[in-house]
Amino acid sequence: MSAEKEKRQETILNLIMKGKIGTQEELTAALEKAGFKVTQATVSRDIREMSLTKVAMSDGTLRYVALKETDENLSEKYRHVFCEGFLSMDNALNILVIKTVSGMAMAVAAALDKMNFKEIVGTIAGDDTIMCAVRSVEDTANVMSRLRKIVSER
């Protein structure tokens, strides 16, 4: 990792810990104010590489947070993010479609990916919809059952 990238990502962590940054545009503007020349694509890559995700705050706003890989309660944090954004799910054979709160699909998909369901081949997220490619129809039913259990435990 280049020194500039390392410094930029360190600044991103400081910015999201100190402020209520909820969009890539806000993060880009804050980085530019801190002296970095960045594009939206660079900020997007940094967010992905740093495993940043959005969470809903008590006032209903969304805010970026860092999910650290070293946290002991990591799986619980992923479950929390999943449950906070989850609205419903349905399937079309082996394609699982998950509806989320608007703007939360990427965070919910990232949390789902980190849950390491061996049955899920991959996920694609939009603004409020996630499509998951699942290995088989039977696996889709099993995944849906496990996800319903996670949601019901909240």
**Student:** By side-chain hydrogen bond (donor to acceptor under 3.5 Å, both in side chains), which residues pair with K7, not counting sequence neighbours?
**Tutor:** none
**Student:** What pairs with I124 under side-chain contact (heavy atoms from CB on, under 4.5 Å), at least two apart in sequence or on another chain?
**Tutor:**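 Once residues adjacent in sequence are excluded, I124 has no partner under the side-chain contact (heavy atoms from CB on, under 4.5 Å) criterion.
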**Student:** Say whether V137 and I120 are linked into one hydrophobic cluster, either directly or through other cluster members, by side-chain heavy-atom distances under 4.5 angstrom.
**Tutor:** no
**Student:** By side-chain contact (heavy atoms from CB on, under 4.5 Å), which residues pair with E4, not counting sequence neighbours?
**Tutor:**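 Testing E4 for side-chain contact (heavy atoms from CB on, under 4.5 Å), a comparison that skips the adjacent residues, returns S2, R8.
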**Student:** With sequence neighbours left out, write down each residue that passes side-chain hydrogen bond (donor to acceptor under 3.5 Å, both in side chains) with S44, or none if nothing qualifies.
**Tutor:** none
**Student:** Can you name the ring-ring contact (aromatic ring centres under 6.0 Å, His included) partners of F117, sequence neighbours left out?
**Tutor:**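 Scan of F117 (ring-ring contact (aromatic ring centres under 6.0 Å, His included), adjacent residues dropped) gives none.
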**Student:** Quick one: CG on L87 to CG on D128, what's the gap to the nearest 0.5 Å?
**Tutor:**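 Between L87 CG and D128 CG, I get 8.0 Å after rounding to 0.5 Å.
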**Student:** Can you measure from OH (Y78) to CE (M115) and round to the nearest 0.5 angstrom?
**Tutor:** 9.5 Å
**Student:** Output all residues satisfying salt bridge (Lys or Arg N to Asp or Glu O under 4.0 Å) with R135, sequence neighbours left out; order by chain, then residue number.
**Tutor:**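 Once residues adjacent in sequence are excluded, R135 has no partner under the salt bridge (Lys or Arg N to Asp or Glu O under 4.0 Å) criterion.
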**Student:** Could I get the full list of side-chain contact (heavy atoms from CB on, under 4.5 Å) partners for T140, not counting sequence neighbours?
**Tutor:**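 Once residues adjacent in sequence are excluded, the partners of T140 under the side-chain contact (heavy atoms from CB on, under 4.5 Å) criterion are N91, N94, L96, V134, M144.
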**Student:** Using side-chain contact (heavy atoms from CB on, under 4.5 Å) as the criterion, list what pairs up with D113, not counting sequence neighbours.
**Tutor:**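 With neighbours one apart ignored, the set is T123.
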**Student:** Does this structure show an ion pair linking R79 with E153, if we count only N-O contacts that are shorter than 4.0 Å?
**Tutor:**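 Salt bridge: no.
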**Student:** Could you state the interatomic distance from NZ (K114) to OG1 (T53), rounded to the nearest 0.5 Å?
**Tutor:**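 It comes to 10.5 Å.
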**Student:** Checking D127 side chain against S102 main chain: does a donor-acceptor pair fall under 3.5 Å?
**Tutor:** no
**Student:** Please list all pairs meeting ring pair (Phe, Tyr, Trp, His ring centres under 6.0 Å) that have one or both residues in residues 129-154, counting only residues at least two apart or in different chains.
**Tutor:** none
**Student:** Partners of E138 by salt bridge (Lys or Arg N to Asp or Glu O under 4.0 Å), sequence neighbours excluded?
**Tutor:**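 E138 satisfies salt bridge (Lys or Arg N to Asp or Glu O under 4.0 Å) with no other residue.
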**Student:** What's the shortest heavy-atom distance between L15 and A30, and which atoms?
**Tutor:**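 Residues L15 and A30, closest heavy atoms: CD1-CB, 3.8 Å.
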**Student:** If only atom types and distance count, is the side chain of R63 paired as donor or acceptor with the main-chain N or O of I16 below 3.5 Å?
**Tutor:**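 Checked: pair present.
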**Student:** In Å, rounded to the nearest 0.5 Å, how long is the span from CD1 of I21 to CG of L52?
**Tutor:** 10.0 Å
**Student:** Report the distance from atom OG1 of T42 to atom NZ of K37, rounding to the nearest 0.5 Å.
**Tutor:** 13.0 Å
**Student:** Would a single hydrophobic cluster contain both V108 and M131, if residues Ile, Leu, Val, Met, Phe, Trp and Tyr are joined by side-chain heavy-atom contacts under 4.5 Å?
**Tutor:**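 Different hydrophobic clusters.
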**Student:** Test of understanding: with ring-ring contact (aromatic ring centres under 6.0 Å, His included), list the residues that count as partners of F82, not counting sequence neighbours.
**Tutor:**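 Here the qualifying residues are F86.
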**Student:** Can you pull out every salt bridge (Lys or Arg N to Asp or Glu O under 4.0 Å) where at least one residue sits in residues 82-100? Sequence neighbours excluded, please.
**Tutor:** none
